[in-house]
Amino acid sequence: MPETPEELWERVHDQLRMPPVEEWETWPFEGALCVRPLAPPVEREQPRGGAGGVDCRRCAASDDEYLWTNERWRLFAFDKPSGLPLVVILETREHFGEPGDLPDELASELGLLLARIERAIRSLGELGRVHVCRWGDGGEHLHWWFLARPARLPQLIGSFAAVWDDVLPSTPEEVWRADLAALEAALGATDD
Ligand SMILES: [Zn+2]
């Protein structure tokens with residue numbers, strides 16, 4: 001069993017390390033940094049947005065707000081471009097909190113969809129990789145991120161691509177809209 005949060009905090013809080021980020025090509029920033037002190041554990045975690053499906057914006061959203069949908073899944077694009085060429089989010093139609101909560105049938109279909117969507121995004125061209133990520137600490141409604149990074153810019157590889165998404169100026173609107181349309185067409189072409 002992992003340490004309790006209190007045990008972990010007691011052991012680490014006065015021994016935090018500063019990793020050699022200045023040596024990492026993928027680190028987006030320059031200049032001296034220091035580690036932020038680690039605050040002690042809180043009594044309980046804050047509920048996530050839409051917890052338990054109550055006032056969940058993803059449950060309430062209509063299909064019009066999505067790039068692609070089927071009976072069980074919906075693919076979301078934000079209403080404006082960000083720094084990376086393309087960022088889209090796959091959500092369950094029904095409200096689930098964790099990947100392990102998915103019934104087997106949905107979990108199986110998820111595997112197919114992760115591959116199909118990654119392949120469709122990659123087919124747009126000029127992309128070095130499509131990162132497929134699941135972070136679960138924002139909204140509770142189960143969702144996966146697809147972060148497409150440009151090809152041949154070695155500083156943008158790896159997990160800091162999510163930070164570079166905020167560092168790079170936004171993709172031009174017309175380029176982004178054309179790519180969304182191409183992705184929509186690629187997904188439609190492979191629909192069941
Ligand atoms: Zn929901």
Side-chain angles (χ1 to χ4, degrees), residues 2 5 39 41-124 127 129-149 158-168 170-171 173 176-192:
V42 294
E43 198 171 321
R44 64 178 61 84
E45 298 223 358
Q46 287 293 314
R48 295 176 290 182
V54 178
D55 295 329
C56 176
R57 284 184 298 167
R58 308 322 303 162
C59 284
S62 76
D63 278 7
D64 303 348
E65 298 176 42
Y66 289 81
L67 189 68
W68 171 91
T69 65
N70 73 10
E71 284 174 33
R72 296 161 300 280
W73 301 90
R74 304 198 286 183
L75 188 67
F76 179 78
F78 292 95
D79 57 0
K80 57 182 191 310
S82 54
L84 291 176
L86 204 70
V87 176
V88 291
I89 295 176
L90 178 67
E91 300 173 354
T92 49
R93 183 178 286 278
E94 201 180 328
H95 190 99
F96 294 97
E98 311 296 340
D101 296 342
L102 285 177
D104 284 354
E105 189 184 345
L106 276 181
S108 301
E109 192 180 17
L110 171 66
L112 294 172
L113 279 176
L114 294 180
R116 183 178 296 176
I117 294 166
E118 186 278 336
R119 188 165 57 236
I121 297 171
R122 191 155 35 93
S123 75
L124 300 175
L127 301 173
R129 197 81 58 218
V130 182
H131 297 301
V132 182
C133 317
R134 190 267 174 173
W135 288 286
D137 285 338
E140 183 181 89
H141 194 117
L142 194 54
H143 60 285
W144 273 261
W145 293 80
F146 295 81
L147 302 165
R149 69 158 174 84
S159 56
F160 290 125
V163 179
W164 282 103
D165 189 41
D166 290 315
V167 172
L168 300 169
S170 296
T171 300
E173 177 103 17
W176 176 73
R177 290 206 176 280
D179 284 339
L180 287 180
L183 173 59
E184 198 177 352
L187 287 170
T190 59
D191 251 356
D192 289 330

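Numbering of residues begins at 1 and proceeds along the displayed sequence. It should be emphasised that the depicted structure is a prediction, and the values quoted were computed from it without experimental measurement. Remember, it's 1-based here, ligands and their atoms both numbered in the order they're listed.
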Check: Phe76 main-chain N/O paired with Glu65 side-chain donor or acceptor under 3.5 Å |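 Absent.
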Please find the N/O/S atom of His141 nearest to the Zn ion (ligand 1) and write down its name.
->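 Of the nitrogen, oxygen and sulfur atoms in His141, the Zn ion (ligand 1) lies nearest to ND1.
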Of all N/O/S atoms in His95, which lies nearest to the Zn ion (ligand 1)?
->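 Restricting His95 to its N, O and S atoms, the minimum distance to the Zn ion (ligand 1) goes to ND1.
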Pick out which of Ile121, Val87, Leu86, Ile89 makes a side chain to side chain contact (heavy atoms under 4.5 Å, CB included) with Phe146.
->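 Of the listed options, the one satisfying the test is Ile121.
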Residues Arg48 and Glu98 bridged, charged N to O under 4.0 Å |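 Yes, Arg48 and Glu98 are salt-bridged.
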Nearest 10° is fine: what angle sits at the Zn ion (ligand 1) between SG from Cys56 and SG from Cys59?
->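 Value, to the nearest 10 degrees: 120°.
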Out of Arg58, Arg72, Arg57, Arg134, which one pairs with Glu91 under the salt bridge (Lys or Arg N to Asp or Glu O under 4.0 Å) rule?
->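 Among Arg58, Arg72, Arg57, Arg134, the one meeting salt bridge (Lys or Arg N to Asp or Glu O under 4.0 Å) with Glu91 is Arg58.
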